[in-house]
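Report on one structure; see the data block that follows.
Per chain, numbering begins at 1; letters A, B, ... match sequence-line order.
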Amino acid sequence: MTSLASKLTVIVSAAFEEAGLPADLGLVRVSDRPDLAQFQCNGAMAAAKVAKKNPRAVAEEVAGRLKARGEFAKVEIAGPGFINIDLTPEAIAGHLSAMATDARLSVPEMAQGETVVLDYGGPNIAKPMHVGHLRAGIIGDTLRRIMAFAGYKTLGDVHMGDWGTHLGILFNDYIRSGEQDKVLKVDLDDPASVSALFEDMSERYPRASAASKEDEALRAQAQEATLKMQNREAPYYEMWQKVKAVSIVGMERNYGMLNVHFDLWKGEADVHDLIPPMVDDLKARGYAVESEGAIVVPVKRNEDKKEVPPLLLVKRDGAFIYGSTDLATVVERMQLYGPSKIIYVVDQRQGLHFEQVFRAARMGGIAPDAVELTFAGFGTMNGPDGKPFKTRAGGVLKLEDLIAMGVAKATERLNDANLAKDMPETERASIAHKVAVAAIKFADLQNQRQADYVFDIDRMVSFEGKTGPYLLYQAVRIKSLLRKAESSGSETRGFGNTEIQKFGDSDIPLALLLCELPDVFEGALNNYTPHLLCEYAYRLAQTFSSFYNSCHILSEEDEVLRGSRLTLCTLTLAQLELVLSLLGIEVPDRM
RNA sequence: GCGCCCGUAGCUCAAUGGAUAGAGCGCCCGCCUUCUAAGCGGAUGGUUGCAGGUUCGAAUCCUGCCGGGCGCGCCA
């Protein structure tokens with residue numbers, strides 16, 4: 001089971017082959033001129049180059065072979081050699097009828113349970129989660145869902161920053177001011193105590209960080225504190241344990257609200273003990289060397305056009321750094337999970353760093369060549385001024401505040417609507433939350449992953465036009481319609497039928513679009529680009545809405561047509577729910 | 001200095017080398033006594049930064065220039 005276009009590709013490729021031409025010229029795609037045809041093949045023009053033949057003559061020959069087949073309503077040649085193809089309604093209907101009985105909606109399973117580790121968290125402990133953490137979380141979680149649906153065994157790792165210098169800065173500040181008990185005496189079972197510490201850290205860290213930037217002595221102290229924490233010395237290690245526990249509570253809450261899931265709650269600290277043997281091993285085999293008092297892995301290659309600096313493993317003061325933790329994390333992942341791929345969903349700006357890590361991992365044999373290491377970087381969230389986003393006050397916008405804004409707006413909208421009056425309070429709250437999360441996630445995911453984009457709060461929590469709530473709305477309308485069909489006993493009037501037997505004029509565009517899903521899914525999977533699924537979901541919702549508006553379904557007199565249309569509705573809903581679930585967006589029953 | 005990314009409608013963004021470059025928002029005109037108006041239909045809006053080149057065909061590939069962003073050993 002695949003898309004209609006790929007089925008046609010098989011047929012047209014065979015026709016090219018019979019004509020003595022390369023089969024891959026037979027690639028068929030959905031036409032970009034729907035007014036001319038449903039599908040097109042451009043291979044005849046390319047054939048002119050490889051076979052030195054007249055493209056129109058090639059097209060004629062191929063088209064001649066195709067015309068003999070029954071499933072084509074039209075095979076035409078246009079322009080320099082486009083082969084334009086229309087299918088018969090029966091052929092389209094047959095394809096959709098098969099899809100309607102397939103739990104995977106014609107999307108093939110491409111993997112056989114190979115393990116994939118996805119790294120998409122990266123929040124630092126001791127700091128509040130802000131909108132800067134949004135992209136990694138939701139893009140990574142979506143990629144995890146996509147790969148899982150493709151048949152991989154997926155492991156999402158939050159990989160928190162829990163071993164770095166920012167903690168030395170923080171702990172040093174507590175100790176200097178004699179307030180370490182604020183950390184050490186926190187009661188993890190008491191939510192008030194937990195949030196009090198969190199508040200204190202959120203206020204303290206920016207201050208301490210700024211101070212250590214100014215003051216060299218302070219900076220040295222902080223580095224020393226970092227080293228002591230990494231060496232598990234008192235009271236640093238005890239403080240670290242408390243801070244980490246408190247921070248995880250906050251992360252779970254934030255990611256929970258966004259419906260972002262992790263299978264592994266690992267951090268940099270988890271690989272600490274793997275680093276010394278790894279460094280020794282790399283030194284023994286000559287890959288790691290001493291340089292300016294530090295230990296580094298030179299990863300430069302002769303063919304490099306750019307300068308690739310060595311990967312720094314151990315700092316002059318003996319402390320570890322992200323180079324060592326990230327490399328050791330590859331060691332750990334290979335040991336524990338044996339993945340076929342490791343995907344890093346990280347800010348683009350860390351691209352060079354991961355290039356260094358990947359090279360070191362290959363050189364040292366830590367990750368064999370067969371293991372795919374992918375840096376799936378994402379662009380920066382800028383403010384309307386084109387600079388990295390800051391609130392008007394110049395600070396960060398907390399994730400919780402953003403979500404609260406969306407929920408407040410959705411609640412207001414619900415209260416304005418008529419159907420909210422007979423709705424229990426819990427359902428209203430649940431819908432408002434789903435709407436808000438749909439808005440936020442879709443607003444982010446519809447952007448191309450790699451590109452920077454402008455973050456606009458008002459746009460992110462808007463519910464009209466090309467937004468998450470619009471998609472929910474269309475899905476909810478179909479649910480409502482199918483409920484009505486069911487309660488009016490439509491099964492005797494065609495409902496419940498998975499056959500599509502008849503099309504009206506307004507049905508064809510929707511029917512054809514439904515056949516594209518497998519190709520869109522494959523594109524999103526292969527390129528790690530969720531925005532393709534967003535585009536598809538939006539087109540589907542829009543095409544459905546247009547269909548819904550132009551014809552009546554339940555009141556359709558023609559029983560066969562009514563049954564076929566209900567099946568189209570069922571399929572549309574199933575696809576919308578599938579795609580939205582891949583995007584981590586839940587559909588309510590009504591809104 | 002070296003390297004990477006970006007430049008598409010007023011704004012925000014799409015477009016596996018294909019035919020007439022598409023959406024959303026905004027603005028304007030219509031449509032709620034039929035299945036949810038968080039909707040639908042229509043109108044306006046473009047020398048795809050500039051100049052060359054490759055190709056039957058370029059927003060897309062190559063070269064140069066202009067403009068913006070980012071990265072380049074002891075932060076992550």
Side-chain angles (χ1 to χ4, degrees), chain A residues 27 29 31-33 35-36 40 42 45-46 48-49 55 78-82 84 122 124 161 164-166 169 209 223 268 291-296 304-317 319 321-323 325-326 346-353 356 377 379-380 382 384 386-388 410 413-414 416-419 435 439 446-448 450-454 456 459 462-467 469-474 476-485 488 519 523 526-527 531-532 534-535 538-539 542 545-546 548-556 569 590-591:
Chain A
L27 181 69
R29 32 179 274 180
S31 175
D32 49 24
R33 287 291 302 275
D35 54 318
L36 298 180
Q40 64 179 329
N42 306 332
M45 272 110 55
K49 196 169 290 175
F82 294 102
N84 285 334
N124 284 333
T165 310
H166 73 286
I169 293 171
S209 172
Q223 278 170 5
E268 296 173 330
S291 166
E292 298 171 33
I295 298 173
V296 303
D304 282 337
K305 282 189 175 167
K306 59 186 174 189
E307 282 179 45
V308 181
L311 181 71
L312 189 57
L313 291 183
V314 186
K315 299 197 286 185
R316 247 197 302 275
D317 65 4
I321 184 171
Y322 67 134
T325 54
D326 281 338
V346 182
D347 192 304
Q348 281 287 22
R349 290 174 291 187
Q350 292 190 41
L352 180 58
H353 165 69
Q356 293 170 268
T380 312
N382 290 325
K387 302 237 169 78
R413 176 66 70 98
L414 270 177
D416 288 348
N418 276 332
L419 61 117
V435 168
Q446 68 171 306
N447 294 290
Q448 203 176 61
Q450 300 93 326
D452 293 352
Y453 82 99
V454 174
D456 181 320
R459 194 148 30 86
S462 74
F463 303 154
E464 278 113 42
K466 193 175 182 179
T467 63
Y470 171 84
L471 302 177
L472 297 187
Y473 179 71
Q474 299 306 340
V476 161
R477 288 213 291 198
I478 303 175
K479 283 191 180 186
S480 167
L481 184 144
L482 292 178
R483 274 196 301 266
K484 284 208 166 86
S488 67
D519 288 341
N526 291 339
N527 306 304
H531 84 282
L532 295 179
C534 293
E535 285 293 323
Y538 181 68
R539 272 203 296 151
Q542 217 178 21
S545 194
S546 176
Y548 178 91
N549 220 262
S550 64
C551 64
H552 288 282
I553 299 159
L554 296 176
S555 57
E556 172 57 51
C569 291
R590 49 182 185 166
M591 64 187 274

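Nucleotides G24(B) and U8(B) are separated by 15 Å at their C1' atoms, to the nearest Å. Using C1' as the reference atom, A21(B) and G57(B) are 15 Å apart when rounded to the nearest Å. When the P atom is used for both C70(B) and G18(B), the distance is 33 Å, rounded to whole Å. Distance noted for atom C1' between G69(B) and G10(B): 23 Å (whole Å).
Residue contacts shown for Q348(A) are absent, as no nucleic acid heavy atom lies under 4.0 Å away. Among the heavy atoms of the strands lying under 4.0 Å from C551(A) is at least one base atom, whether or not backbone atoms are also near. Contact annotation for K315(A): base contact, defined as any heavy-atom pair under 4.0 Å involving a base atom.
Classification of the H353(A)-Y322(A) ring pair by plane angle, with boundaries at 30° and 60°, yields parallel.
In terms of phosphate contacts, S546(A) brings a side-chain nitrogen or oxygen within less than 4.0 Å of OP1 or OP2 of G41(B). Contact annotation: R477(A) reaches the phosphate of A37(B) (side-chain N/O to OP1 or OP2, under 4.0 Å). For the pair Y322(A) and A76(B), the criterion of a side-chain N or O lying under 4.0 Å from OP1 or OP2 is not met. For C75(B), one of the phosphate oxygens OP1 or OP2 lies less than 4.0 angstrom from a side-chain nitrogen or oxygen of Q223(A). The side chain of S480(A) places an N or O atom within less than 4.0 Å of a non-bridging phosphate oxygen (OP1 or OP2) of U36(B).
Of the candidates U34(B), G73(B), G18(B), G18(B) carries the atom nearest the M45(A) side chain, counting heavy atoms from C-beta on.
Between R539(A) and Q542(A), the side chains place no donor N or O within less than 3.5 Å of an acceptor N or O (distance only, hydrogens not considered).
Place K306(A) and Y453(A) on RNA chain B by their nearest nucleotides, and K306(A) ends up nearer the 5' end.
Ring-to-base geometry places F82(A) in a stacked arrangement with A19(B) (centre distance under 5.5 Å, plane angle under 30°).
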Could you check Y473(A) against F463(A) for ring pair (Phe, Tyr, Trp, His ring centres under 6.0 Å), going step by step and ending with a plain yes or no? CA-CA 10 Å; Y473(A) 179 71; F463(A) 303 154; over 10 Å; no
